[in-house]
Amino acid sequence: MRTDRRARIAALAPLLWLAAFFVLPFLMVLRMSLSDTAQAVPPYAPHWIGFGQIREFLAGLDVEAFRLLWEDSLYLNAFLTAIRIAGTATLIALLIGFPLAYAITRAPKSWQNLLVLLVILPFWTSFLIRVYAWIAILRPEGVLDRVLITIGLTSEPLRLLNTETAVLIGMVYSYLPFMVLPIYAVLEKMDRSLIEAAADLGAKPLTRFLTITIPLAKPGILAGCFLVFVPGIGEFVIPDLLGGSETLMIGRVLWTEFFSNRDWPLASAVAVSLLAFVILPMMLLRGFAGRKETAR
Amino acid sequence: MSTQRAAGPVRSSFAPWLDPGAKPLVSFRNVRKAFGAVEAVAGVNLDLYPREFFALLGPSGCGKTTLMRMLAGFEEPTSGDILLDGKSVLGVPAHQRPTNLMFQSYALFPHMNVAENIAYGLKQEGLPKAEISARVEEVLNLVRLQDFGKRRPDQLSGGQRQRVALARAIAKRPRILLLDEPLGALDRKLREETQYELVALQEKLGLAFLMVTHDQDEAMTMAHRIGVMQKARLAQVGTPAEIYEAPETRAVAEFVGDITIFEAIVTKVEGEVVTLLHPTIGTIELDDEGDKPAPGTRVDVGLRPEKITLGFTPPHETVNRVEGIVWDIGYLGDMTMVQVKLADGTIVRVGITNRTRRSERPIGWDDRVWLSWDIEAPILLDGAS
């Protein structure tokens, strides 16, 4: 009985954590998104005064900010751009990350830990510094241009900085470890005899890869894609530093609304929409896929 | 000293290895395999015949699995040749060899159900759908899992998984089926049942089986012939009875079954009878059909526990007997293993069949007893030099 209650209290801890650091802030953002801008501190109205004025408070809330989001195509376009760029970055990260993870599992056992360490090594340097480093590499007459011109691959500067390509490079670079690690984890614990069994049953190398390796690596591939795609959509620093004015991703819009325009309700509405229309559906989908996986 | 009289039971007249005209199905020709500096297989010559059930028996790390994996195509020999149906298979990748392996871990594909697992190999051959499902049905019936096609491997018991692995391997109708410790993961009761099932299946299919095992009971009950592998070499190849009753070396004798080994000196050779002298036992006489050692040489002589008679009074004969005291008694149910300590400290293991439920005079610790044996009981072994 006692241990039963203790177990229940232990199970409560993550719920409390979720409530304190996710649900509560989210409710605050949601309430902000339903407010209007005002000359006040903080810059929105109505303010919560107390339970006595709850009627007036609720009457002051409206969906004005969401209406604005819907009516101005700028926001929808920024959403779509973010999804497109994050999606492309995820795909590229997968195409680089899977072979990388696969190669690590194929390396001699004594090398594997070192190789994994190399994958996560960039985390030991500040993210911001690494993105700045890319500016030095990509800017006209920068490191990349000079190298390419020296070895004669190009005579003109590439002018990569402030383009969507630069954003993609920055995102793939920054999020690659998040793709590699979960895929490595599933490939590493995969029973090698399954591949041998497939070979023994007459499957050619490519068939073995497609019918055994890929399906069994699916949980890792899915996890990696989510870990790159979800933060990629809301990414602000990389498009701001590496992208041009035409790469308008939703994260940048949010930042501008919040800090430059001081339109907190609109910024909050962007955040809520991002969560409600992109991330939540994906999480539900993933949860559903996961349940199906365990049920099978 | 080998090839004693046809000792022990004979399963049938099946013995193609004695027929010089018989064509082997598989031939290992001086096969060697080294992993870096470690020699896993050191020059193995072995012929396997169609319809034969052959067991490679040895302790772990003796190279038996490596030898089998070379036939499957997972390892290439460092030197030597492997022939299948008279043709070399060197350089032929695993997926093109007409062999199928039943893995020790079963290696069932967890993302496919039982029927899909079995169909996997057939699909690779590009067989028509109807034939694939017919063959899947057929092998599922063969292993008595006809209602389990839709189950996934993790919904099966260990014994059922073992049968699925077997079904998947035989569905391809290989020239030879390779079994890597096929019963290793089963509990004892199930293992015994499955042994007989496997033998029955092997005879029914008329398929050659090559089994790798470290379990001598398994090898003995199932195989036509056993190859005992020790330290990367084939120490002896023979029928279970030959391996047990006429081991050629001390190492084989000690690995297969229980045995007590004495060092003795040859004093006289007269026809088939070899007379030895042992400091404690005195004269040992034995009957041996093989090459006789010259008088004066030191030899190893082995005695199996069940071939020794235990008594409380001295036997009439003055040879092949020795006195000792009971050192330990191990009651095993069907038999009792008595350890008798001789004057020189040697422990002799004696097996007594418990034929009656209560014996007239039970053996007790520290009893003085006499051990004696037949002239045909002692095994003359190589290895003393």
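Note: hydrogens, waters and symmetry copies are ignored here, and every other heavy atom, side chains too, is used. Lettering follows sequence order; numbering is per chain, from 1.
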Given A:L216, A:D191, A:I195, the one with more heavy-atom pairs under 4.5 angstrom with chain B than any other is A:L216

Parallel, tilted or perpendicular: which describes the rings of A:Y175 and A:F178, with under 30° parallel and over 60° perpendicular? tilted

Would you call the rings of B:F53 and B:F209 parallel, tilted or perpendicular if under 30° counts as parallel and over 60° as perpendicular? tilted

At a 4.5 Å cut-off on heavy atoms, which part of [X] comes close to chain B: side chain, backbone, both, or neither?
X      : value
A:R208 : both
A:L194 : both
A:D200 : both

Strictly distance-based, threshold 3.5 Å: is any side-chain N or O of B:N117 a donor or acceptor partner for the main-chain N or O of B:F109? yes

Is B:R152 paired with B:E116 through a side-chain N to carboxylate O contact shorter than 4.0 Å?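 No, this pair does not count.
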
Between B:L122 and chain A, which part of the residue has a heavy atom less than 4.5 Å away: side chain, backbone, both or neither?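 For B:L122, neither part sits under 4.5 Å from chain A.
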
Side chain / backbone / both / neither for B:R168 at chain A, heavy atoms under 4.5 Å: both

Would a line drawn from the ring center of B:F54 to the ring center of B:F28 be shorter than 6.0 Å? no

What residues, two or more places apart in sequence or in another chain, satisfy side chain to side chain donor-acceptor pair (under 3.5 Å) together with A:N77?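 Applying side chain to side chain donor-acceptor pair (under 3.5 Å) to A:N77 gives none.
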
For each of B:A72, B:A165, B:A169, B:P110, tally heavy-atom pairs with chain A at distances under 4.5 Å, and name the one with the top tally. B:P110

